[in-house]
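Working notes for the structure below.
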Amino acid sequence: MQRSNHTVTEFILLGFTTDPGMQLGLFVVFLGVHSLTVVGNSILIMLICNDSRLHTPMYFFIGNLSFLDLWYSSVYTPKILVTCISEDKSISFAGCLCQFFFSAGLAYSECYLLAAMAYDRYVAISKPLLYAQAMPGRLCICLVLYSYTGGFVNAIILTSNTFTLDFCGDNVIDDFFCDVPPLVKLACRVRDSYQAVLHFLLASNVISPTVLILASYLSIIATILRIRSTQGRLKAFSTCSSHLISVTLYYGSILYIYSRPSSGYSLERDKIVSTFYTVLFPMLNPMIYSLRNKDVKEALKKFFKSA
């Protein structure tokens with residue numbers, strides 16, 4: 001029996017397991033991860049706002065990345081925690097749509113923001129003496145605004161096309177949040193036009209920023225190779241190593257999930273990969289940008305001394 005998506009009033013999120021013991025263990029783990037995410041990103045934002053040494057374009061972008069990660073984690077984790085300890089696994093149709101929309105919007109925005117950060121690193125390394133003039137505050141603000149605008153405009157396109165699919169059979173989502181692969185699995189038929197939309201969004205929101213990041217890093221590498229001293233090369237590379245780690249982890253998981261055709265989806269395997277970029281990555285970012293950063297560590301020491 002088929003039913004239109006307009007008759008669906010709720011979905012059931014299966015989550016990771018139905019075993020009560022494992023659910024309790026997962027609740028503790030996800031609560032700990034979310035707590036670290038909130039604390040780590042909040043501290044990083046506070047340090048960047050309060051310490052004048054961190055009032056540079058690079059830290060402006062890092063602060064905005066932390067703000068985005070706080071919001072990003074909050075889209076998923078509260079519902080995951082409820083699912084782990086409650087017998088009610090349902091999420092309303094409107095709730096699923098909202099979660100899907102903000103998930104896509106924030107994910108796309110992060111792709112653009114990471115590309116803007118790559119450009120910032122290119123300018124800092126290739127034009128160190130003109131860095132402040134080449135990256136004025138107005139340009140930095142515009143790049144962040146463009147990242148959010150591009151991300152959420154494309155999220156509107158994806159959400160409107162996904163939630164006009166016809167869902168048939170049961171309404172059980174074999175995942176911990178509303179995402180493209182499990183919803184496609186519930187669709188009676190995936191139109192060719194929908195596949196075209198997915199390919200367009202993948203190209204515009206993931207592949208295009210990836211190309212910009214690769215171009216920036218090719219230019220960075222060319223600049224570093226022209227530096228004569230080994231110490232100078234290492235110092236130049238260290239300024240972009242944190243961003244490179246962040247890009248590799250985030251884009252690697254995103255491309256793995258969404259660059260395959262729908263016939264290649266493996267929901268069990270995809271759950272693990274999705275957990276990384278939705279829940280773990282927002283927790284790792286503050287560590288990536290602080291533990292390897294002398295200025296942030298000095299600002300943190302100064303904060304604790306004055307506290």
Side-chain angles (χ1 to χ4, degrees), residues 30-78 80-81 102-103 105-121 123-124 131-132 135-152 155 209 238-251 276-307:
F30 282 115
L31 180 61
V33 169
H34 187 58
S35 300
L36 289 174
T37 300
V38 172
V39 172
N41 284 289
S42 298
I43 289 176
L44 192 54
I45 292 172
M46 180 192 64
L47 291 176
I48 292 171
C49 290
N50 294 335
D51 198 303
S52 59
R53 292 174 299 178
L54 304 182
H55 292 173
T56 65
M58 181 180 77
Y59 294 110
F60 174 77
F61 287 118
I62 292 174
N64 277 279
L65 181 65
S66 289
F67 173 75
L68 193 152
D69 282 337
L70 276 174
W71 192 6
Y72 196 32
S73 176
S74 298
V75 171
Y76 307 103
T77 311
I80 293 174
L81 295 175
F102 284 107
S103 170
L106 293 169
Y108 292 154
S109 297
E110 186 146 342
C111 288
Y112 288 124
L113 185 58
L114 288 172
M117 294 172 72
Y119 175 73
D120 170 71
R121 292 299 81 212
V123 174
Y131 179 48
M135 294 294 295
R138 183 176 180 180
L139 175 60
C140 295
I141 293 172
C142 286
L143 288 173
V144 171
L145 291 177
Y146 289 153
S147 297
Y148 278 101
T149 301
F152 280 93
S238 66
T239 64
C240 59
S241 59
S242 296
H243 177 259
L244 188 58
I245 293 170
S246 182
V247 167
T248 301
L249 295 175
Y250 187 72
Y251 274 85
F276 181 81
Y277 77 83
T278 57
V279 180
L280 294 180
F281 186 77
M283 179 193 70
L284 294 176
N285 261 342
M287 300 179 187
I288 293 172
Y289 286 102
S290 60
L291 295 179
R292 300 174 55 85
N293 192 299
K294 181 180 177 181
D295 292 334
V296 174
K297 287 190 285 188
E298 289 296 326
L300 191 60
K301 290 179 183 178
K302 180 182 175 181
F303 170 76
F304 281 120
K305 286 181 180 179
S306 61

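Numbers for residues simply follow the sequence, beginning at 1.
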*List for me each residue that meets side chain to side chain donor-acceptor pair (under 3.5 Å) alongside Tyr251, sequence neighbours excluded, and say none if there are none.*
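If we apply the side chain to side chain donor-acceptor pair (under 3.5 Å) test to Tyr251, skipping adjacent residues, there are no hits.
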*asked:* Within this structure, what is the CZ-CG distance for the pair Phe67 and Leu44, rounded to the nearest 0.5 Å?
replied: 14.0 Å
*Atom OG1 of Thr248 and atom CG of Leu244: how far apart are they, to the nearest 0.5 Å?*
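So the OG1 of Thr248 and the CG of Leu244 are separated by 4.5 Å.
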Give a yes or no answer on whether the side chain of [X] reaches the backbone of [Y] with a donor-acceptor pair at less than 3.5 Å.
{"X": "His243", "Y": "Leu114", "answer": "yes"}
{"X": "Ser73", "Y": "Asp69", "answer": "no"}
{"X": "Asn50", "Y": "Met46", "answer": "yes"}
{"X": "Asp120", "Y": "Ala116", "answer": "no"}

*Nearest heavy-atom pair of Leu106 and Leu68: which atoms, and what distance?*
O-CD2, 3.7 Å
*Can you see which heavy atom on Ile48 is nearest to which on Tyr59, and at what distance?*
CD1-O, 3.4 Å
*For Leu47 and Val296, what are the C-alpha separation, side-chain angles and deciding distance, and is it a side-chain contact (heavy atoms from CB on, under 4.5 Å)?*
CA-CA 8 Å; Leu47 291 176; Val296 174; 4.3 Å; yes
*Give a yes-or-no answer on whether the side chains of Asn285 and Ser246 include a donor-acceptor pair shorter than 3.5 Å.*
yes
_Please verify the inter-ring angle class for Phe102 with Phe152; under 30° counts as parallel, over 60° as perpendicular, anything in between as tilted._
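Taking Phe152 first and then Phe102, their aromatic rings stand perpendicular (interplane angle over 60°).
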*Measure the acute angle between the ring planes of Tyr250 and Tyr277, then classify it against the limits of 30° and 60° as parallel, tilted or perpendicular.*
perpendicular
_When you compare the side chain of Tyr289 with that of Met58, does any pair of heavy atoms fall below 4.5 Å?_
no
*Flag the pair Leu54 / Ile62 as yes when at least one side-chain heavy-atom distance between them is below 4.5 Å, and no otherwise.*
no
